[in-house]
There are 2 protein chains.
Amino acid sequence: MSQSTQIIGQRLKRLDARGKTTGETKFITDIKVENMLHAAPVYSKVAYGKLLGINTDVVENDPDFVAFFSAKDIPGENQVGVILEDQPLIAENIVRYVGDSVGILVANTAEAAQRLSKLVSVKIEAFTPIFSIDESRDAKENLIHDTNLACQHQVKRGDPEKAFAEAVHVIEARFETPFQEHYYLEPQGCIAFVTPAGGIEILGSIQCPFYVQKAVAKALDIPFSKIRVEQAPTGGAFGGKEDIPSETCTRAALAALILNRPIKMVYNRITDIQLTSKRHPFQMHYKVGVSKTGKLLAAKIKLEENAGAYATLSSVVSYRSAMQALGPYVIDNISVESNSYYTNLPPTGAFRGFGSPQAAFGHERMMDVIATELDMDPIELRLINIVKLDTHTLTGHHLKSSVGAEETLKTAADACDWNHREMSQDERWKTGYGVSLIHYGNCLGAAGWFMDGSGVKIKLHRDGSISVAFGLIEMGQGALTVVQQMTAEALGVEPGRITVLPTDTDQVPDSGPSVASRNVVMTGNAIRNAAAKLLPVLKEAAAELMQCDLNEIVLEQGKISNIRNSEMLSFSELSNYLYLSNRPMDVLGWWHVPELDYDAENGTGEAYFTYSYATQIARVKIDTYTGRVMVDKIWASHDVGKAINPAGLEAQIEGGTAQGIGWALTENFKVVEGEVVTDNLTTYLLPTALDVGEIESILVEDPEPEGPWGAKGIGEPAIIPTAAAIANAVSNALGQSVAQIPIIPEHILEMVGD
Amino acid sequence: MSQSTQIIGQRLKRLDARGKTTGETKFITDIKVENMLHAAPVYSKVAYGKLLGINTDVVENDPDFVAFFSAKDIPGENQVGVILEDQPLIAENIVRYVGDSVGILVANTAEAAQRLSKLVSVKIEAFTPIFSIDESRDAKENLIHDTNLACQHQVKRGDPEKAFAEAVHVIEARFETPFQEHYYLEPQGCIAFVTPAGGIEILGSIQCPFYVQKAVAKALDIPFSKIRVEQAPTGGAFGGKEDIPSETCTRAALAALILNRPIKMVYNRITDIQLTSKRHPFQMHYKVGVSKTGKLLAAKIKLEENAGAYATLSSVVSYRSAMQALGPYVIDNISVESNSYYTNLPPTGAFRGFGSPQAAFGHERMMDVIATELDMDPIELRLINIVKLDTHTLTGHHLKSSVGAEETLKTAADACDWNHREMSQDERWKTGYGVSLIHYGNCLGAAGWFMDGSGVKIKLHRDGSISVAFGLIEMGQGALTVVQQMTAEALGVEPGRITVLPTDTDQVPDSGPSVASRNVVMTGNAIRNAAAKLLPVLKEAAAELMQCDLNEIVLEQGKISNIRNSEMLSFSELSNYLYLSNRPMDVLGWWHVPELDYDAENGTGEAYFTYSYATQIARVKIDTYTGRVMVDKIWASHDVGKAINPAGLEAQIEGGTAQGIGWALTENFKVVEGEVVTDNLTTYLLPTALDVGEIESILVEDPEPEGPWGAKGIGEPAIIPTAAAIANAVSNALGQSVAQIPIIPEHILEMVGD
């Protein structure tokens with residue numbers, strides 16, 4: 001399946017590198033427009049209660065006060081839930097978390113908006129809040145919504161009970177993972193404008209422009225055709241700008257529409273951390289039956305998620321964690337239940353991996369627990385059970401292509417010389433190795449298939465330069481560069497000819513959300529679809545100009561030749577000829593994920609159309625005196641099908657792994673009575689370069705026939721195995737099972753019995 | 001060929017009416033952007049000379065002075081000629097008219113830019129200027145460019161000399177028409193921005209965004225893909241914003257690029273009138289041989305045009321005036337020469353009709369001169385010679401469809417009761433009737449065929465609303481409304497669903513210029529092309545939903561039914577189903593003019609793919625005491641193929657006719673030593689409502705099979721016959737041949753021998 005490529009596989013420099021490193025790039029906070037006002041949210045300081053009234057008397061005489069808007073000002077539906085209709089755009093009756101917005105305050109300056117928003121008096125009758133999964137699940141009254149169960153998904157395959165009976169070992173364990181804050185460097189921000197025709201334009205730091213368009217349409221009762229959403233340069237997102245911009249942008253648009261002036265709203269860091277969604281905390285219970293030799297026979301898995309006050313993307317998290325609950329292993333008898341429960345905490349939503357890092361923590365810690373129980377080498381146990389070509393996943397998906405799981409495991413093991421791993425321990429320092437193996441279903445999967453299509457528009461100019469508009473976005477992952485690279489490859493031209501346009505809902509088909517590591521696969525295939533329309537036109541024109549047969553034309557690196565003689569034509573000449581011969585030079589491309597054979601009731605079959613695979617092995621050094629865990633090195637072997645831009649891919653692996661290290665070790669998110677207390681970098685510790693250690697990226701290329709040039713997604717696989725690998729390494733070093741993260745020094749000291 | 005239509009033919013209210021009448025619409029002058037500077041041109045006060053130097057010392061200490069840029073600052077080619085490469089973006093060596101820009105001055109305010117631009121010292125060694133066509137044609141030295149002949153076109157058909165010998169009457173006459181100033185209400189204006197990627201964005205009051213893109217690319221040496229041009233609401237253009245924005249926008253872009261700040265440049269009225277292009281003055285000599293009964297046998301026509309300092313669109317004017325030089329009459333032996341000569345006057349370029357009103361003045365005055373000579377009724381003479389189906393035009397174009405010439409003549413004659421026209425004369429007041437019959441080749445014609453294609457992008461949203469982007473523009477002619485209307489008809493939905501987007505080079509294929517009455521024909525056909533791609537998808541989805549056969553689906557007025565039963569589906573439901581079934585919902589449409597069988601050397605064959613026809617009859621009352629000509633009424637009968645929006649069409653006829661009245665009677669453009677002295681509304685008299693009289697529009701619909709729903713262009717035909725009709729009416733009232741316009745009171749008094 002591997003294809004010969006010219007541009008794909010080259011290490012291209014990022015198109016946005018210069019602007020972002022020099023500070024030339026203008027983010028929302030840098031952008032001023034004429035006549036602009038500033039907004040800030042007014043939100044509940046109470047975790048759960050009934051909204052009795054809002055009094056703005058105290059701010060109304062401030063010279064910088066302009067207006068305050070609440071739920072009653074919404075002309076359309078007061079509803080902003082991304083999947084479930086459970087979330088008002090502005091709370092009207094009940095507030096469900098500290099941060100639930102009850103209004104938006106508009107002022108002449110950003111400073112005044114934030115200052116005055118704090119002074120508005122919000123009267124709330126407090127209820128008894130629910131913070132934990134257990135409380136939520138067991139509650140009989142005072143339910144947060146009609147039910148406390150936000151959503152659930154399951155897998156039911158084979159006969160686990162029968163298989164447990166036949167197993168030699170039945171092992172159980174319980175694991176927990178915590179909140180994680182996205183901590184994108186640029187907080188949420190947007191500017192909303194009213195168009196002359198009474199429509200809305202949004203410029204925002206956003207991940208899903210089409211979601212924002214939908215949210216504005218619904219709440220402001222404006223047709224989609226009058227709403228344009230453009231993405232501004234976005235300083236990180238990691239899933240955190242999937243759901244939240246639907247709230248922020250729509251609230252800003254509401255104020256803009258009423259005041260007929262541009263409204264800018266940029267959250268400060270404290271507001272951002274308190275109000276916006278996080279990674280779901282998980283409680284996981286694994287019961288696994290294995291044969292004498294370590295073959296997985298039966299599993300019963302219960303995953304429980306803390307969804308916070310509103311579901312937002314919990315359904316996706318619940319689906320994905322269920323589908324991947326036991327990792328890339330063959331097992332025929334399995335039952336998985338994955339339930340998300342509402343609590344009075346900030347909503348949890350999309351975060352790089354969508355529940356996968358949590359499930360990976362569960363299944364990979366579990367594999368090590370089993371290996372320990374059976375006294376087997378952890379890699380050996382995994383190799384016995386690993387999925388291969390022509391086997392089935394835990395959902396019963398028959399794998400027919402691109403199954404690089406084993407190769408990632410073997411290459412990672414080789415790279416770290418697993419069989420001769422240095423285990424030197426001294427009294428103070430303990431060294432440990434941990435392995436973690438995962439699979440990741442590409443794109444939205446069966447539950448989101450209905451919206452799993454994406455488009456591009458390619459515009460050839462008469463000077464031979466090319467513009468590409470795509471429907472997904474750049475949020476730091478290197479999308480612009482791979483889009484440039486894939487377009488160049490598809491059209492047989494040099495990357496330098498290609499300008500990638502900012503994402504704009506007016507430009508391109510609704511391409512769904514920029515999530516689920518979709519960009520390379522979706523946009524790459526859409527580019528190929530567009531190129532398949534443009535290339536025949538180019539070749540026909542070239543054949544006319546060169547007076548040869550259509551099939552004799554070769555387009556490569558911006559040069560057009562024919563196989564007959566040495567005549568050469570530049571791409572610019574050909575483009576100009578196309579223009580002069582009155583041919584249309586714009587093409588649209590579209591691709592949607594192939595139909596999936598999936599049984600939603602039992603959660604079985606083709607949960608996703610293909611899977612990325614990865615193995616990460618961590619070597620940690622533990623200071624038993626201080627309890628500090630140092631990540632010495634991580635070997636990260638990733639099956640990406642085909643590396644489009646190896647430089648960008650390695651950066652993704654390094655970034656994802658670093659974020660996984662933070663989740664595993666340093667980021668200790670704390671909420672007290674519903675209020676986030678770790679709301680800055682002094683208390684919420686992101687890993688620095690010194691905390692990350694060495695990362696060795698290994699690229700495994702097992703091409704996926706449905707992927708563009710064989711490629712699969714990498715954005716999320718990069719973070720998924722990391723925490724489990726570190727926890728396994730710590731368990732290995734200390735000879736004790738680590739059941740939860742973050743592994744803070746206090747826990748280590750407890751484990752070593754200080 | 002007539003087709004049954006639902007929306008086409010309805011009198012729709014203009015989409016831009018409210019904004020433009022209330023003042024809500026923001027034109028360039030109303031738009032401020034952060035960090036913006038202002039520019040004004042520094043130009044020659046000498047009509048012809050050698051540029052010796054520019055000294056900015058006197059302005060450099062002004063606190064508002066920012067920068068001055070001249071030709072040496074241009075990174076690319078110093079060339080902005082639209083067709084010929086004869087015009088520097090900024091004059092470097094020779095200045096050729098009062099107004100030739102030698103630089104651009106940038107200041108902190110618009111006021112300062114204009115004030116300081118006047119103070120820059122420009123040292124020029126003056127040459128002897130050439131102002132008239134005769135001087136230019138006859139000059140042997142000191143040529144303005146390599147030659148003084150800017151361009152020429154001809155028609156050579158049959159054997160005129162032989163036919164003259166056989167003619168009973170050979171009649172000669174000479175006519176002259178003057179400059180006309182566009183006097184769009186909004187002067188030239190734009191804002192140029194530098195994009196983060198080092199590209200250029202232009203927002204401008206412009207007629208041809210793709211021309212501006214090309215001009216910026218060439219002068220600034222930036223690929224097309226990094227240049228985006230968006231049209232701002234445009235307060236009139238009439239051809240005057242076809243060529244000039246390539247100069248103004250590119251100069252602003254130059255300053256923006258160097259200073260890395262947004263640059264706004266809006267001409268004040270005096271600058272606008274002095275610097276920008278006008279309608280070509282014509283000198284015309286007609287020699288026509290006719291039979292005893294008035295049949296046209298032979299013609300020799302010489303048209304000479306004053307092109308001003310640079311050719312800009314002279315070539316189009318010369319081509320079109322040659323192709324239409326004897327109007328819609330059958331003649332087999334004809335020779336036409338149409339020559340444009342450079343002079344040291346402001347360049348003449350595109351102006352509603354492109355030489356057609358001038359040629360119409362020639363041929364329609366000539367027909368009346370012939371009628372007088374033969375003592376025939378002017379309408380009878382025209383009916384004897386008029387083109388009909390299956391006859392040939394003067395270029396030998398065999399007419400096979402949509403020839404409404406005769407019907408326009410007959411309906412106009414009937415409407416004014418020609419045969420019983422009231423000719424009451426008293427000592428002071430003289431009444432006269434004049435008829436004028438024209439044809440107008442639609443779109444760019446054979447000479448511009450290579451760029452005569454246009455595109456649209458239609459985007460269906462999941463809520464059933466629709467966005468349309470088109471490549472031509474709204475400049476006051478009602479384009480937005482007919483685009484909305486044609487899209488609604490093509491898709492079988494209500495017009496209210498459709499939002500027409502502002503024109504933006506990033507959005508749509510290069511659609512050529514918004515000129516030559518192209519919009520309805522080009523955009524309409526492109527819409528039909530796009531709809532032909534979208535309708536099958538809609539029907540397929542509807543058939544799935546309604547479980548019936550594809551062919552049973554009927555889409556009408558936003559309701560979907562099937563012929564089998566009374567089941568109904570709303571367009572919104574269908575759109576949402578389309579979205580959920582993962583179908584692409586954006587389509588591109590494209591149309592280009594059919595290939596033309598044209599012999600460029602002899603100017604014979606299919607000069608255009610089809611023609612609009614019109615007859616206007618004017619009744620004038622002349623006050624022989626004051627010399628004032630009052631237009632009492634104009635009957636305007638226009639064959640438009642099919643009226644898309646009759647309300648807009650009538651407005652076009654009224655506007656064009658009013659502009660023709662101004663050219664014929666009140667607008668007396670004066671230049672003294674190369675300087676325009678009629679540079680305001682006190683000296684350059686646009687006709688007011690009181691000057692225009694009554695206009696009765698008559699719509700003739702002879703459908704053109706290649707036109708969308710049978711439609712042909714109207715924008716320019718509306719002005720073409722007017723001046724000739726008025727001059728014929730004056731000649732008729734006074735019994736003397738009027739040979740030139742404007743017919744000012746002094747001329748009348750001279751004619752009546754006061």
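The model shown is predicted, which means the values in this text are computed figures rather than measured ones. Values below: all heavy atoms of this structure, side chains included; hydrogens, waters and symmetry mates excluded. Letters A, B, ... are given to chains in the order of the sequence lines, protein chains preceding strands, and every chain is numbered from 1.
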Less than 4.5 Å to any heavy atom of chain B: does that hold for the side chain of [X], its backbone, both, or neither?
X: A:Val468; result: neither
X: A:Trp449; result: both
X: A:Leu501; result: side chain
X: A:Thr505; result: backbone
X: A:Arg583; result: backbone
X: A:Asp16; result: neither

Residue, of [options], that accumulates the most heavy atom pairs under 4.5 Å with chain A:
options: B:Pro223, B:Pro584, B:Gly453, B:Ser467; value: B:Pro584
options: B:Lys214, B:Glu24, B:Gln213; value: B:Lys214
options: B:Lys26, B:Lys459, B:Met585; value: B:Lys459
options: B:Gln507, B:Lys32, B:Glu34; value: B:Gln507

Please round to the nearest 0.5 Å and tell me the distance separating atom [atom1] of [X] and atom [atom2] of [Y].
X: B:Asp463; Y: A:Lys226; atom1: CG; atom2: NZ; result: 11.0 Å
X: B:Lys533; Y: A:Leu588; atom1: NZ; atom2: CG; result: 8.0 Å
X: A:Ser511; Y: B:Asp586; atom1: OG; atom2: CG; result: 8.0 Å
X: A:Leu578; Y: B:Asp510; atom1: CG; atom2: CG; result: 12.0 Å

### Query
What closest approach, in Å, do B:Arg497 and A:Ser225 show between heavy atoms, and which atom pair accounts for it?
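Result for this residue pair: O-OG, 4.0 Å.
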
### Message
Using side-chain heavy atoms (C-beta onward) and a distance below 4.5 Å, is A:Trp590 in contact with B:Asn582?
### Response
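A:Trp590 reaches B:Asn582 side chain to side chain.
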
### Task
Flag the one option from A:Asp504, A:Ile466, A:Val33 with the top tally of heavy-atom pairs under 4.5 Å to chain B.
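Result: the option with the highest number of such pairs is A:Ile466.
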
#### Entry: Neighbour count above 12 (heavy atom, 6.0 Å) for A:Glu573 CD
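Yes, CD of A:Glu573 has more than 12 neighbouring heavy atoms, counting only those of other groups under 6.0 Å.
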
### Query
Using 30° and 60° as the class limits, which term best fits the ring planes of A:Phe224 and B:His461: parallel, tilted or perpendicular?
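Rings of A:Phe224 and B:His461: tilted, 30 to 60°.
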
### Task
Could you look at B:Thr195 and say if it's the side chain, the backbone, both or neither that has a heavy atom under 4.5 Å from chain A?
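No part of it gets close to chain A.
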
### Under 3.5 Å: donor-acceptor pair, side chain of B:Lys457, backbone of A:Asp506
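Confirmed, B:Lys457 side chain pairs with A:Asp506 backbone.
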
